[in-house]
Every structure is written in structure tokens, then in C-alpha cells.
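To keep things clear, I will list the structure first and then write my remarks on it.
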Protein chains: 2
Amino acid sequence: MARAGLTAERLTQAAAELADEVGFENVTVSALARHFGVKDASLYSHIRNAHDLRVRLAVLALAEMADRVSDALAGRSGKDALVAFAQAYRSYAHEHPGRYAAAQMVLDPDTAALSAASKHAEMTRAILRGYDLWEPDQTDAVRLLHSTFHGYVSLERAGAFHSHPRGVEASWTRALDALDSLLRAWP
Amino acid sequence: MARAGLTAERLTQAAAELADEVGFENVTVSALARHFGVKDASLYSHIRNAHDLRVRLAVLALAEMADRVSDALAGRSGKDALVAFAQAYRSYAHEHPGRYAAAQMVLDPDTAALSAASKHAEMTRAILRGYDLWEPDQTDAVRLLHSTFHGYVSLERAGAFHSHPRGVEASWTRALDALDSLLRAWP
DNA sequence: ATGATTTGCCTAGGACCTCTAGGTAAGCCT
DNA sequence: AGGCTTACCTAGAGGTCCTAGGCAAATCAT
């Protein structure tokens with residue numbers, strides 16, 4: 001009997017691919033075991049339980065997003081940075097719907113602190129260096145940007161914008177224009 | 001043996017209460033059957049399956065939200081309407097977290113069309129009558145507002161804002177100010 | 001190389017959820 | 001009171017989650 005060579009990392013990676021294929025809610029211990037050709041019980045020496053698996057997946061997704069956004073942001077500032085951030089964020093969500101859904105999990109504070117979630121807020125803050133904003137306006141703006149990006153992507157995926165013919169892409173571009181002008185003239 | 005007097009409506013209502021208590025993902029056919037003191041199988045003459053139950057719950061939540069927002073909007077315009085809409089939306093999400101989560105379900109196009117989801121976009125559009133916006137800017141603005149409201153509430157519930165001491169309430173108020181000024185000077 | 005230890009995957013099995021098929025009895029109608 | 005509809009039942013199959021305990025493969029010590 002050859003061993004499958006399972007590790008928590010390989011399981012998490014496979015779970016991420018599975019999530020993008022069949023949706024985050026269908027990432028189950030059983031499905032993952034089937035994928036590796038082993039029995040369900042075999043996974044429990046690598047992961048604590050199903051929730052643990054999903055948390056690991058969420059942490060992976062958060063790290064990947066942070067990397068992408070970080071790359072996109074390099075060497076840019078002002079509106080250039082804003083648009084680059086937004087595109088990187090949205091394209092990740094489109095390419096990896098399952099991982100993106102995982103990244104929205106409610107993590108307990110300890111896990112969240114260790115994850116790349118904090119890096120995210122930090123990078124949003126970096127965008128604002130190109131604008132004339134200082135605390136506490138900066139924090140308010142970070143929250144507004146994050147909310148809008150997440151909200152847009154999540155409504156888009158839920159099909160909330162299909163009822164109207166206006167192109168989703170066009171509205172997105174206009175939203176970024178609007179946010180840019182808002183940041184330049186913060187009330 | 002007295003009958004429990006189940007109907008699809010009573011089941012949906014109970015499911016809504018259950019969702020707010022234990023979370024949308026824990027609304028199961030079994031839990032609902034336990035609540036009424038009947039066997040699981042008894043529910044299947046009223047609902048088609050577990051997914052059907054959740055869809056009914058989502059439709060209920062969408063209708064409730066539409067009612068609330070509609071009430072809040074009555075007789076207001078401009079920033080007054082914007083703030084009223086936003087407060088109604090956010091307070092519903094806070095008071096009924098389980099139903100709000102249900103309302104985010106991806107509904108198939110037919111169900112979505114029949115539900116109050118369309119009424120939602122229509123009302124957002126009503127806000128904009130107080131501002132000087134016309135198509136296609138109006139649609140873009142509707143999408144931006146909806147995204148921001150949903151994004152803020154959903155990140156707030158996920159605990160994304162806890163990492164920073166700045167009050168979540170203060171940022172929300174500032175976000176509404178910002179959106180108002182954005183709508184008044186749409187680029 | 002051989003024996004000892006660790007560790008990866010196994011079987012067995014319990015608890016819970018979903019859903020179908022078919023049966024019994026409660027309530028309504030005439 | 002008899003008949004019809006329908007609300008709820010029992011029985012049971014199949015899936016997911018997870019624990020306990022066992023065997024064997026890989027790794028390490030001698």
C-alpha cells in the first residue's frame with residue numbers, strides 16, 4: 001500500500017482548487033478524501049476538523065490576495081494605485097471565486113491577527129498616501145474603499161446587477177473614478 | 001395526536017427566527033422539525049427540500065428589508081433620504097443577522113425577479129431623485145451605493161473593522177457624508 | 001541489516017442531516 | 001356516518017463529520 005503523502009499544506013492547496021471548482025460551501029472533508037483516494041478518517045491526523053480546514057483555506061486565500069495586491073501596488077500612487085488595487089482585488093475574486101468566498105469567513109481574532117488580513121488594511125492605507133488624508137479620515141476612507149470593493153464584487157457574483165443592461169464593467173470603472181474624485185475632495 | 005398545523009409560511013417564519021438565533025448556515029430541516037416537535041419527514045409535504053426552505057427564507061428577508069427601507073424613505077429626499085435608507089438597511093442587518101445572511105443567497109433569475117430584490121434597486125433609484133443624476137450615471141450610482149452599504153455591513157459583521165480603535169459608527173456616518181458629497185458632485 | 005519508534009492510513013462505528021416511499025389517522029364535506 | 005383530502009407518521013437509504021483503536025510503512029538506532 002503506497003501512501004498518499006498527505007500534509008496539512010497539500011490538503012489546504014487541494015481544498016482551494018476544489019473550492020474554485022465546486023464552491024466554498026461544497027468543500028467537505030469527504031470530498032477532499034475522495035480527491036486523494038483515501039478514507040475520510042485519514043485526514044483527521046492533518047486537520048483538526050472541517051472548520052479547521054476551512055480556516056486554513058481562508059488564510060491561504062487572504063495571503064494570496066495580499067500578494068497580488070501588493071504586486072499591483074508596487075511603484076504606483078494616487079489614482080494609479082487605487083485602480084491597480086481595485087483591479088487586483090476584483091480579478092482575484094473572479095478567478096478564484098471559491099477562495100474569495102473563503103476569505104470572507106469570520107475568523108476568530110487570534111487567527112485574523114496572524115493572517116494577512118491586517119496586511120490588507122495596511123495596503124489600502126498605502127493608496128491614500130497619494131491623497132491628502134490624515135487620521136481619522138484615513139481610517140474612514142480605508143473602510144469605505146474596502147466596503148465598496150468587497151460589496152461590488154460580492155453583489156456582482158450574487159447576480160444583483162444582472163437586472164439592468166448597463167455593463168457591469170462600465171459601472172465599475174465609473175465607481176473607481178467616483179472614489180478617486182471623492183478622495184481628492186474628501187468632505 | 002394533535003396536528004402541529006404546519007404550512008410553508010409558518011415554517012419560513014420559524015426558519016427566520018431560527019436563523020437570527022443560530023445563524024443562517026445552521027437552519028436545517030431537522031432543527032426546524034425539532035422546533036415544531038414533528039419528524040423531519042413531515043416537513044417535506046410543505047417544502048421541496050432544504051434549499052427550497054432557504055430560498056423561501058431569503059425571499060422573506062428581501063421583502064422585509066424592502067418594507068423597512070420603503071417606510072424609512074417615505075417623505076424624504078436628498079441626503080435625508082440617503083441617510084434614512086442606509087440606516088434602515090444597516091439596522092435590519094444588525095437586528096436580523098440570520099435573515100440578512102439569507103438575503104445574500106444567490107437566487108436563480110426567476111426567483112430573483114419575483115422577489116423584492118428588484119424593488120430594492122428601484123428604491124435606491126428613488127434616493128437619487130434628490131440629486132442631479134441621469135442615466136447611465138444613475139445606474140452606476142445605484143450600484144455604488146448598494147455595494148458600499150452591503151460591503152460595509154458585511155465587513156462589519158465579519159469583524160474586519162475591529163483591528164482599529166476608530167469607532168465603527170463614526171466611520172459609517174462619515175461614509176454617508178462622503179457618499180452625499182459624491183452624489184452632489186458626480187464626476 | 002535488524003529491531004524499535006514514529007506516523008500515515010486503515011476499519012469500525014456512532015451521531016446527525018437529507019430525502020423517498022408508503023402507511024395511518026385527523027379533519028372537512030356532503 | 002361515510003368518504004376524501006391531507007397532515008403527520010415509520011422505515012430506511014445515503015451522505016457528512018468525527019473518534020477510537022489497529023496495522024503497516026517509513027524512519028531511525030544499533
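Each chain gets a letter, A, B and so on, in the order the sequences are listed, and its residues count up from 1. A quick note: this is a predicted structure, and the numbers were derived from the prediction, not measured.
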*Between Phe24(A) and Tyr100(A), is the gap from one ring center to the other below 6.0 Å?*
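They do not qualify: ring centres at least 6.0 Å apart.
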*Give a yes or no on whether the ring-centroid distance for Phe85(A) and His120(A) is below 6.0 angstrom.*
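Between Phe85(A) and His120(A), the centre distance is under 6.0 Å.
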*How long is the span from the OG1 atom in Thr124(B) to the CD atom in Gln138(B), to the nearest 0.5 Å?*
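These two atoms lie 10.5 Å from each other.
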*Measure the spacing between CG of Asp177(A) and CH2 of Trp186(B) and express it to the nearest 0.5 Å.*
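Result: 9.0 Å between the selected atoms.
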_Transitive ILVMFWY side-chain link Val55(B) to Met65(B), under 4.5 Å_ =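 Unlinked, Val55(B) and Met65(B) end up in two clusters.
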_Can you tell me how the ring of His96(B) sits relative to the ring of Tyr92(B), calling it parallel under 30°, perpendicular over 60° and tilted otherwise?_
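Taking Tyr92(B) first and then His96(B), their aromatic rings sit tilted (interplane angle of 30° to 60°).
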*More than 12 foreign heavy atoms under 6.0 Å from CG of Asn49(B): is that the case here?*
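More than 12 heavy atoms, drawn from other residues, nucleotides or ligands, come within 6.0 Å of this atom.
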*Name every residue in residues 19-34 of chain A that has at least one heavy atom under 4.0 Å from any atom of DNA chain D, in order of residue number, or write none if there are no such residues.*
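Nucleic-acid contacts, sorted: Thr28(A), Val29(A), Ser30(A), Arg34(A).
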*Close approaches to DNA chain D from residues 37-53 of chain A, in residue order (heavy atom, under 4.0 Å)*: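 Of all residues in residues 37-53 of chain A, the ones placing a heavy atom under 4.0 Å from DNA chain D are Ala41(A), Tyr44(A), Asn49(A), Ala50(A).
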*So what does Arg10(A) hit on the nucleic acid, given a heavy-atom distance under 4.0 Å: a base, only sugar-phosphate, or nothing?*
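The answer is nothing, as Arg10(A) stays clear of every strand by at least 4.0 Å.
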*Whether Arg174(A) side chain and Pro187(B) backbone form a donor-acceptor pair below 3.5 Å*: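 Side chain of Arg174(A) to backbone of Pro187(B): a pair is present.
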